Protein chains: 2
Amino acid sequence: MSTNGYHVAVVGATGAVGQQMLVTLEKRGFPIASLKLLSSKRSAGKEITFKGESYTVEEATPESFEGVQIALFSAGGSVSKALAPEAVKRGAIVVDNTSAFRMDPEVPLVVPEVNAADLRGNKGIIANPNCSTIQMVAALEPIRQKLGLKKVIVSTYQAVSGAGLEAVDELKSQTADLLAGKEAKPEILPVGGDKKHYQIAFNAIPQIDVFQENGYTFEEMKMMNETKKILHMAELQVAATCVRLPIETGHSESVYIETEQEGATVDELKSLLSDAPGVTLQDDISQQVYPMAANCVGEDDVFVGRIRRDLDQANGYHFWVVSDNLLKGAALNSVQIAESLIEQDLLS
Amino acid sequence: MSTNGYHVAVVGATGAVGQQMLVTLEKRGFPIASLKLLSSKRSAGKEITFKGESYTVEEATPESFEGVQIALFSAGGSVSKALAPEAVKRGAIVVDNTSAFRMDPEVPLVVPEVNAADLRGNKGIIANPNCSTIQMVAALEPIRQKLGLKKVIVSTYQAVSGAGLEAVDELKSQTADLLAGKEAKPEILPVGGDKKHYQIAFNAIPQIDVFQENGYTFEEMKMMNETKKILHMAELQVAATCVRLPIETGHSESVYIETEQEGATVDELKSLLSDAPGVTLQDDISQQVYPMAANCVGEDDVFVGRIRRDLDQANGYHFWVVSDNLLKGAALNSVQIAESLIEQDLLS
C-alpha cells in the first residue's frame with residue numbers, strides 16, 4: 001500500500017449511496033491521500049464535509065480522473081458508461097455501483113466475502129452488484145459451499161431509498177398527506193423514467209425498474225443473472241419477484257432454496273450462517289428474534305433468520321434475509337471491494 | 001328461501017370484520033327478516049346503524065341464538081369455541097371466521113367459487129378460511145382444474161387490518177410519531193398476545209400469529225393446511241412465509257407454482273384466470289398494469305397479475321395476487337357462504 005494512502009474519487013457524492021460511501025470511507029479509516037467529490041453539473045458547487053474538512057463538489061469530466069487511483073461510481077448507468085472508461089484510461093480502477101457493466105464478461109462482479117478472487121485479472125472496471133443480490137448471495141454462499149445449491153426462489157421487500165433520496169422524500173410526503181386526509185401525489189415511484197407513477201405510502205408495488213419482454217422486471221433479471229455470475233453457477237435455477245414497499249431503508253427477502261445435498265438440519269444451516277463472514281444470525285423464534293428492516297439501518301452485516309425446513313421437500317429450506325440496502329447493498333460493498341483490491345495488492 | 005328472509009346474527013359486530021359484514025349484507029341485499037348484533041360484554045350497548053335503522057349491540061350469550069337461523073361469527077377463536085356449538089344447538093347454522101374449527105374434519109372449509117359443494121352434509125358449523133388462504137385458492141383453483149397442481153410457494157405482504165382495528169390505529173399513530181421525529185411505541189403487533197412487540201411503521205415483520213415448534217408461524221401453517229383442505233389435495237406441496245407490512249388494508253401475495261402439466265403459456269393462464277369466478281385479471285406490463293393493495297380496498301374480487309413463466313422450470317409460473325383482506329378475505333366470503341347455503345337449499 002502507498003504509505004500516504006490512495007487518491008480517491010467519489011462520483012455521485014451527493015446521492016443517497018454517495019453519502020453513505022463517504023460515511024463508510026471515514027468510519028472504516030480507508031487510507032486516503034486525496035479525495036475528489038464529483039457529481040453531475042446540477043449538484044456541482046455543493047459543500048460536503050469529510051473528516052471535518054469541507055470539500056466542494058465538482059462536475060465530473062474525463063479530466064477529473066487525472067491522478068485518481070480509485071474511483072467509486074454511483075451516479076447512474078449513463079454516467080458510468082460515459083466516464084468509467086475515461087477514468088480507467090487515466091490509470092484509475094473503477095468500482096461501479098450501477099448496472100452498466102455488471103453482466104459484461106470482462107468485468108468482475110464482486111461481493112468480497114463470496115468471490116474476492118474474481119478481482120484478479122480485472123481490466124480496470126469492477127462492478128458492485130445490485131443491492132438485493134448482494135445480501136442474498138452473502139447468505140447463499142456458506143450454504144452452497146457445504147450443501148450445494150440447485151434452486152433459489154426469492155420474493156423481495158425493498159425499501160424506497162434504493163430508488164434515491166427523491167423517492168424517500170416522496171414516501172414521507174405521501175404518508176403525511178394520507179394521514180392528513182389528503183390525496184397522495186405519485187410522481188417518482190415505482191420508476192422515475194417510466195410512464196405511470198403509483199402511490200407508495202401504505203401500498204406494495206410489484207415493480208422495481210422497467211419491464212422486460214419476458215414479463216420480468218429489470219430488477220428481477222438483475223437478481224437472477226447476477227446471482228449466477230457471482231456464484232459461478234450458470235446452471236443455478238433462480239427466480240425473483242421484486243416488490244417496493246413503504247420502508248425508508250432496509251431490504252428484506254423471503255428466500256426458498258433447494259440444496260444438492262438432502263437432509264441437513266436447521267441447526268446445521270444456522271451453524272454455517274453464524275460462521276459466515278459478514279453474516280449475523282438472528283434466529284430464535286422462542287424469543288421472537290428475527291431480522292427486521294427497522295433494526296438493520298446503519299449496520300454493516302447481512303442478517304438471516306426464520307430458517308426452517310420445507311415440510312415437503314427434503315432438500316428445501318426457507319429463510320429471511322435483511323440488510324441495509326445503502327450499506328452492504330451499495331456503499332459498504334463498494335468500499336470493501338476497494339479494500340480487497342489493496343489486500344490483494346491489485347491497486348498500484 | 002323464506003319469503004321474509006332469514007333471522008341473522010352477527011357476532012363481533014363492532015370489530016373490523018364485523019363492520020364489513022354489515023356493509024356487505026346491506027350492499028348485497030342479503031334477505032334479512034331480523035338482525036341481532038352481538039359482541040363481547042365490553043362492546044355491548046354500542047349503537048350501530050344498518051339500512052338506516054339503529055341497532056343496540058347485545059352481549060353474546062347462548063340464549064342470544066334462540067330463533068337465529070344463520071350466525072356469522074368473527075369475534076375471536078375462544079368466542080367461537082364457546083358459543084358456536086350453542087348456536088347450532090338452537091338450530092342456527094354458523095359461518096365462523098376464526099381458526100377455531102377450520103381443520104376439524106367434520107367442518108367444511110369453504111370458498112364458494114372453489115368448493116361450494118362441501119357445504120352439503122355440514123353439521124351446523126362452516127368455517128371461513130384465513131384471509132390470505134382465500135385469495136390464493138381463488139387464483140389457484142382455475143389453474144388446478146386445467147393444468148393440475150404439484151407445488152405452491154407463497155410469500156405474503158399482509159395489511160395490519162387483518163390484526164384488527166387496534167392494529168390499524170397502531171400503524172397510524174406510529175407512522176405519525178416517526179414522521180414527527182418521535183419514537184414509535186409498539187404495543188400490539190406483531191401479535192397482541194405474544195411476548196414482544198415491534199414497530200410496524202416503515203418496517204416489515206416476518207411474524208403473523210404465534211410460532212409453532214416446527215419454525216413456522218400459525219398463520220403460515222393455516223395457509224399450508226387450509227389450502228390442501230379446500231382444494232382436496234392432501235398431497236399438494238405448499239409452503240408459506242407470512243409477513244406483516246405497514247399497509248392498512250389489502251393483502252398481496254407473491255406466488256410460485258408448479259403445475260402437473262408442462263408447457264402452458266402465459267396467455268393460457270391469463271385466459272383461465274380471466275374466466276374464473278370472483279377473479280379479475282389485471283395484467284398488462286406494457287401499461288404497468290398489475291394489482292396493488294391501494295387499489296383493491298372496497299373491491300369484492302381477487303386480483304391477479306404479473307403472470308410469467310419460470311425461466312428454468314417448464315411447469316413453473318409466478319404471479320401476484322391481491323385482495324381486500326376484510327372483504328373477500330373475511331366478511332364477503334362469509335356472506336357468500338350464507339348465500340350459497342340458500343342457493344343450495346341448505347338453510348332451513
Side-chain angles (χ1 to χ4, degrees), chain A residues 151 153-155 157 159 171-172 175-176 179 184 190-191 194-196 198-199 201-207 211 214-217 224 236-239 241 243 245-248 250 252 254 256 266 285-288 290-295 305-313 316 318 320 322, chain B residues 151 153-155 157 159 171-172 175-176 179 184 190-191 194-196 198-199 201-207 211 214-217 224 236-239 241 243 245-248 250 252 254 256 266 285-288 290-295 305-313 316 318 320 322:
Chain A
K151 190 183 183 94
I153 296 175
V154 56
S155 295
Y157 300 69
L171 168 63
K172 289 183 180 171
T175 305
L179 285 179
V191 183
D194 213 339
K195 284 170 279 193
K196 294 183 187 167
Y198 300 122
Q199 170 189 327
F202 305 113
N203 196 18
I205 306 180
Q207 181 191 356
F211 282 102
N214 64 3
Y216 290 78
T217 60
M224 293 154 70
L236 183 67
Q237 298 191 9
V238 193
T241 301
V243 181
L245 293 174
I247 295 169
E248 184 174 335
S252 304
S254 169
Y256 168 73
V266 167
I285 56 171
S286 75
Q287 300 303 314
Q288 293 175 262
Y290 36 71
M292 284 186 287
N295 293 344
R306 293 292 330 267
I307 303 167
R308 59 207 194 278
R309 292 183 73 153
D310 190 90
L311 300 185
D312 301 300
Q313 188 85 22
H318 303 264
W320 180 250
V322 178
Chain B
K151 188 183 185 94
I153 296 174
V154 56
S155 295
Y157 299 68
L171 169 62
K172 288 182 182 173
T175 305
L179 284 180
V191 184
D194 213 339
K195 283 169 279 190
K196 294 183 188 167
Y198 300 122
Q199 171 190 326
F202 306 111
N203 196 16
I205 306 181
Q207 182 191 357
F211 282 101
N214 65 2
Y216 290 79
T217 60
M224 293 154 69
L236 182 67
Q237 297 192 11
V238 194
T241 300
V243 182
L245 292 174
I247 295 169
E248 183 174 337
S252 305
S254 168
Y256 168 74
V266 167
I285 53 171
S286 74
Q287 299 302 315
Q288 292 174 266
Y290 36 71
M292 283 185 289
N295 293 344
R306 294 287 337 262
I307 303 168
R308 60 208 193 279
R309 293 183 73 155
D310 191 272
L311 300 186
D312 301 300
Q313 187 86 22
H318 302 264
W320 180 250
V322 177

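Here is the naming used below: chain letters follow the sequence lines, and residue numbers restart at 1 for every chain. On a predicted model such as this, the values are computed, not experimentally measured, just so you know.
- Proximity to chain A (any heavy atom under 4.5 Å) is shown, for B/N295, by neither the backbone nor the side chain.
- Chain B forms more heavy-atom pairs under 4.5 Å with one residue of A/K196, A/Q288, A/Q237, A/K172 than with any other, namely A/Q288.
- Only the side chain of B/Q199 comes within less than 4.5 Å of a heavy atom in chain A; its backbone stays farther off.
- For chain A, the nearby part of B/I153 is the side chain; its heavy atoms alone come within less than 4.5 Å.
- Of the atoms belonging to B/Y198, it is side-chain heavy atoms, and not backbone ones, that fall under 4.5 Å from chain A.
- Interface residue B/L171: only side-chain heavy atoms are found under 4.5 Å from chain A.
- Per-residue heavy-atom pair counts under 4.5 Å with chain A were compared for B/P291, B/A293, B/G316, B/S155, and the maximum is reached by B/S155.
- To the nearest 0.5 Å, atoms OG (B/S254) and OH (B/Y157) are separated by 5.0 Å.
- For the set A/G250, A/P246, A/G305, the entry with the most heavy-atom pairs within less than 4.5 Å of chain B is A/P246.
- The CG atom of B/D194 sits 10.0 Å away from the CD atom of A/Q287 when rounded to the nearest 0.5 Å.
- Across all their heavy atoms, A/P206 and A/F211 have their closest contact at O-CZ, 4.4 Å.
- Applying the side-chain contact (heavy atoms from CB on, under 4.5 Å) criterion to A/D310, with sequence neighbours excluded, gives A/Y256, A/D312, A/Q313, A/H318, B/A239.
- Proximity to chain A (any heavy atom under 4.5 Å) is shown, for B/I205, by both the backbone and the side chain.
- For the side-chain contact (heavy atoms from CB on, under 4.5 Å) test, residues two or more places apart in sequence or in another chain that qualify with B/A204 are A/I247, A/S252, A/W320, B/V243, B/L245.
- Ranked by non-hydrogen atom pairs under 4.5 Å with chain A, the options B/M224, B/E248, B/R309 are led by B/R309.
- Taking each heavy atom of A/I285 and B/G215 in turn, the nearest pair found is CD1-CA, 3.6 Å.
- Remark: the A/R306 side chain and the B/T217 side chain contain no N/O donor-acceptor pair separated by less than 3.5 Å.
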